[in-house]
Amino acid sequence: MFCRQKTLLFTLASVTILSMCPGDCLGDAPCCCPTFWTAYNGSCYRLFSYSMNWHEAKAHCNQFSRPSLGVGDRNSVAHLVSIHSLDENDFVVSYFISTGIKDLGADESIGRYMWIGLHDTTSEGNFEWTDRSSFTMNMWSPGQPDNYGTGEDCGEITGVYGYKWNDRPCDDVAKYFMCKLPVW
């Protein structure tokens, strides 16, 4: 008899708590990232260590999606990381340094670069993000972007320039890239 009373009390408490939630807050509240992704400020981030050019890395990110937003919803698909504040840039750089480049030793100039979603492939000198979010701030290294040589249309974060942004040829191969996905 005591067990039934506990079960009934638990059920009533659960229903009461759920009914106190205004509107559909349980369905709309972002909370989660997929396994192996890291949550930060409303987005999920994942660093990959696959040697790819920028276009391949972009396509790899686009394979991941947030469920239940409908087919073709651009906001449900992962993209190469876009960065919109100094705090977010610091998070991305810290994540990159702490997770992705431990195996490279102390030399900051060797292999310390990672593709990000920045590009000017549509119009030279007009940089934009692959997720089509606004380009509101930048962390360019001094003298960058410079479109050096045969053309540099894709963005990276590189240790050579103190983990600031640099433009680089899109067909170059980088060992790292980071994807960004909305939380669920």
Within 6.0 Å of OH in Y148, more than 12 heavy atoms from elsewhere: no
Could you grab the distance from atom [atom1] of [X] to atom [atom2] of [Y], nearest 0.5 Å is fine?
X	Y	atom1	atom2	value
R168	I157	CZ	CD1	13.0 Å
E56	F177	CD	CZ	9.0 Å
W129	L118	CH2	CG	4.5 Å
E156	L80	CD	CG	12.5 Å
I116	C179	CD1	SG	13.0 Å
T130	N62	OG1	CG	7.0 Å

Parallel, tilted or perpendicular: rings of F48 and Y50 (30°, 60°): tilted
For residues [X] and [Y], report the shortest heavy-atom separation together with the two atoms involved.
X	Y	answer
S82	D131	OG-OD2, 2.7 Å
S85	M137	C-CE, 3.6 Å
D167	W140	N-CZ3, 3.7 Å
D171	H55	OD1-CD2, 4.1 Å
A174	W115	CB-NE1, 3.3 Å

Would you list the atom pairs, donor with acceptor, under 3.5 Å between side chains in residues 119-128 and any protein atom, with sequence neighbours excluded?
unit_1: H119; atom_1: ND1; unit_2: T121; atom_2: N; d: 3.3
unit_1: H119; atom_1: ND1; unit_2: T121; atom_2: OG1; d: 2.8
unit_1: D120; atom_1: OD2; unit_2: G125; atom_2: N; d: 2.8
unit_1: T122; atom_1: OG1; unit_2: E128; atom_2: OE2; d: 2.8
unit_1: S123; atom_1: OG; unit_2: N126; atom_2: ND2; d: 2.7
unit_1: E124; atom_1: OE2; unit_2: N147; atom_2: ND2; d: 3.4

Close side-chain approach of I83 to M139, heavy-atom, < 4.5 Å: no
pair H60-M52: side-chain heavy atoms closer than 4.5 Å: yes
Salt bridge (charged side-chain N to carboxylate O under 4.0 Å, His left out) contacts in which one or both residues fall within residues 138-153, not counting sequence neighbours: none
Ring centre gap for Y95 and Y45 strictly below 6.0 Å: no
Donor-acceptor pair, side chain of N166 and main chain of G155, under 3.5 angstrom: no
Common cluster, Y176/V173, ILVMFWY with side-chain heavy-atom separation under 4.5 Å: no
Give every donor-acceptor pair under 3.5 Å between a side-chain atom in residues 34-44 and any protein atom, sequence neighbours left out.
none

